[in-house]
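So the structure is just underneath, and the comments pick up after that.
Remember, predicted model here, so these are calculated numbers, not experimental data. Every heavy atom of this structure was used, including side-chain atoms; hydrogens, water molecules and symmetry mates were not.
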Amino acid sequence: MGEVQDPAGRTGIGISYADERRAIKHELIFDPETSTLLGERQVVTGPFPSGITFPSGAEVGSATYLVSGVVDSTEEGPTHRR
């Protein structure tokens, strides 16, 4: 994929892998300087085995990671903010 932008507009390096069984391509976007995962998305590559119809190339899932860090508990916020 090369250089791409995540939904927040940050430029990163994109890689993808196909799940041909499910007709989905998974795309991961990494920060080129830190290798931090910036975001991910799932894109339709063909007809779904279940018969559900989406146009090829349609985005059917995504996540954008704006904050990351180490925490002591699930109730605590990250100690490092980007």
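- Taking both residues in full, the closest heavy atoms of Ile29 and Gly12 are given as CG2-CA, 4.0 Å, listed atom of the first, atom of the second, then distance.
- Looking at Leu66 and Arg10, their side chains come closer than 4.5 Å, going by heavy atoms from C-beta outward.
- Taking 4.5 Å as the limit, some side-chain heavy atom of Ile15 sits within range of a side-chain heavy atom of Phe30.
- Side-chain atoms of Tyr17 and Glu27 form no donor-acceptor pair, as typed in the model, at a separation below 3.5 Å.
- Shortest non-hydrogen contact noted between Pro32 and Ile13 is CB-CG1, 3.8 Å.
- To the nearest 0.5 Å, atom CD of residue Gln42 and atom OG of residue Ser16 are 12.0 Å apart.
- Contact of the Asp6 side chain with the Arg41 side chain is not registered, since no non-hydrogen atoms from C-beta on lie closer than 4.5 Å.
- Tested against Ile24, the residues Val43, Thr45, Val60 include a single side chain to side chain contact (heavy atoms under 4.5 Å, CB included) partner, Val60.
- Contact detail for Pro7 and Thr64: the closest heavy-atom pair is CG-OG1, 3.3 Å.
- The shortest non-hydrogen separation linking Ser56 to Gly46 is OG-N, 4.3 Å.
- By the 4.5 Å heavy-atom criterion applied to side chains, Lys25 and Asp19 are not counted as neighbours.
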| task | Please report the C-alpha distance between Leu28 and Leu37 in whole Å, then the side-chain angles of each, then the deciding distance to 0.1 Å, and finally whether the side-chain contact (heavy atoms from CB on, under 4.5 Å) criterion is met. | result | CA-CA 7 Å; Leu28 302 171; Leu37 181 62; 4.1 Å; yes
